[in-house]
There are 2 protein chains.
Amino acid sequence: MISQKAKYALRALIALARSARPGEVLLISQIAEQQRIPRKFLEQILLDLKHHGIVTSRRGKAGGYLLLKDPAEISFGEVLRTIDGPIAPLPCLSRMAYRRCIDCREEESCEVRRVFARVAEATRAVLDHTTIADCVGKPVEAEVRALLA
Amino acid sequence: MISQKAKYALRALIALARSARPGEVLLISQIAEQQRIPRKFLEQILLDLKHHGIVTSRRGKAGGYLLLKDPAEISFGEVLRTIDGPIAPLPCLSRMAYRRCIDCREEESCEVRRVFARVAEATRAVLDHTTIADCVGKPVEAEVRALLA
DNA sequence: TCCATACTCTACTTACTAGATAGAGTTAAT
DNA sequence: ATTAACTCTATCTAGTAAGTAGAGTATGGA
């Protein structure tokens, strides 16, 4: 299960991508209301995304948030890794945070690992090749893109 | 990430499948030692698997555990669902424990859901079609099976 | 019968995390 | 100077993961 936080992050990014005439900002409170996300929680999330160079912000009156990266360059995988940490189903299969399983004799012959490696691969195939841009068009377009991917 | 508990369960089942001349049992302590699983923790796990009809046990002297189901009928998916609960990345995509996302306007047009539906499908394709039997043969055999699946 | 062995069940502990909430601080426009 | 917005850090609460503890129950054998 992905966290609420990651789900909120994705929805916020989609909202930003949708409303985006370049240079135009969205208020935290607008996104929060539109997407039914607890406002203070969303603040943290956007700040996090900002620190990771995915969005940027303007402060003060007339401030707000906007995408820093091109929507087509923001993959679901990147967002999940930013917010939730590693995607891999086992620590010994994580790219961003590899850790050997302490109780596992030898990694190469671990049957459990072998199976979950296939899961990880399949998951990454989807998440690393699906972007926020894939979510802003009309539903039908998105469907087509998904099938072609 | 799958839990340690689920990983232990899978390893225990593989150990049982490996040692299995029909009717022959393995002691909890044997499995625990062989697989480096905390013994008391493993007790709980095996009991759980027993209650779900995956293994069975004999009590008293000369007691122990053995598989109840055919290894080829025990899928990774079944074990994970038994031990960890739903596999789906979102509650609104779970078969065993569907729950609508309270903050989601309409499920059909939810872009996040659409993407994770593909993840769920890919994950299930692996986990529901890989069984304990796929893990007991020689490593090479397992590899071949995986490629053919 | 009694004992040792091995599974069974329930409760508990401990540390960590998810999902917020709170509030003081800082920046920018008017 | 004021107000609107973002920024940062701390805190809270409930729940979960991972494991530990210990009393209970069944079985086979001396």
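Per chain, numbering begins at 1; letters A, B, ... match sequence-line order. These numbers come from a predicted model, not from an experiment.
Residue contacts shown for B:Leu46 are absent, as no nucleic acid heavy atom lies under 4.0 Å away.
Between A:Leu26 atom CG and D:dA5 atom C1' there is a gap of 13 Å when expressed in whole angstrom units. For B:Leu16 and C:dC7, the CG to C1' distance is 14 Å, given to the nearest whole Å. One can place CG of A:Leu27 at 14 Å from C1' of D:dT3, the figure rounded to the nearest angstrom. Here C:dG25 presents its C1' atom at 13 Å from CG of A:Leu47, a figure rounded to the nearest Å. Computed from coordinates, the B:Lys7 NZ to D:dA17 P distance equals 14 Å when rounded to whole Å. The distance between atom CD of A:Gln44 and atom P of C:dT17, rounded to the nearest whole Å, is 16 Å. If you measure from atom CD of B:Gln4 to atom P of D:dT16, you get 19 Å, rounded to the nearest angstrom. Counting to the nearest Å, the P atom of D:dA26 and the CD atom of B:Glu43 are 17 Å from each other.
Salt bridge status for B:Lys69 with B:Glu78: present, with a side-chain N to carboxylate O gap under 4.0 Å.
In terms of phosphate contacts, B:Ser57 brings a side-chain nitrogen or oxygen within less than 4.0 Å of OP1 or OP2 of C:dT8. For the OP1/OP2 pair of C:dA6 and a distance below 4.0 Å, the side-chain nitrogens and oxygens of B:Tyr65 include no atom meeting the criterion. For A:His51 and D:dT7, the shortest distance from a side-chain N or O to OP1 or OP2 is not below 4.0 Å. Residue A:Tyr8 has no polar side-chain atom (N or O) positioned under 4.0 Å from OP1 or OP2 of C:dG19.
In terms of position on DNA chain C, the residue among A:Lys61 and A:Arg39 whose nearest nucleotide sits closer to the 5' end is A:Arg39.
A:Arg39 places no side-chain N or O within 3.5 Å of a backbone atom of A:Ala32 that could act as its donor or acceptor partner. Checked by atom type and distance alone, the side chain of A:Asp84 pairs as donor or acceptor with a backbone atom of A:Ser3 at under 3.5 Å. The backbone N or O of B:Gln35 sits less than 3.5 Å from a side-chain atom of B:Arg11, completing a donor-acceptor pair.
Between the side chain of A:Lys40 and the base of C:dG23, at least one donor-acceptor pair of N or O atoms lies under 3.5 Å. No hydrogens or angles were tested; on distance alone, nothing pairs the side chain of B:Arg59 with the base of D:dT27 as donor and acceptor under 3.5 Å.
Comparing atom distances between the A:Lys50 side chain and each of C:dG19, D:dT7, D:dT20 picks out D:dT7 as nearest.
By the neighbour-count criterion of 12 heavy atoms within 6.0 Å, atom CZ of B:Arg36 is densely surrounded, having more than that number from other residues, nucleotides or ligands.
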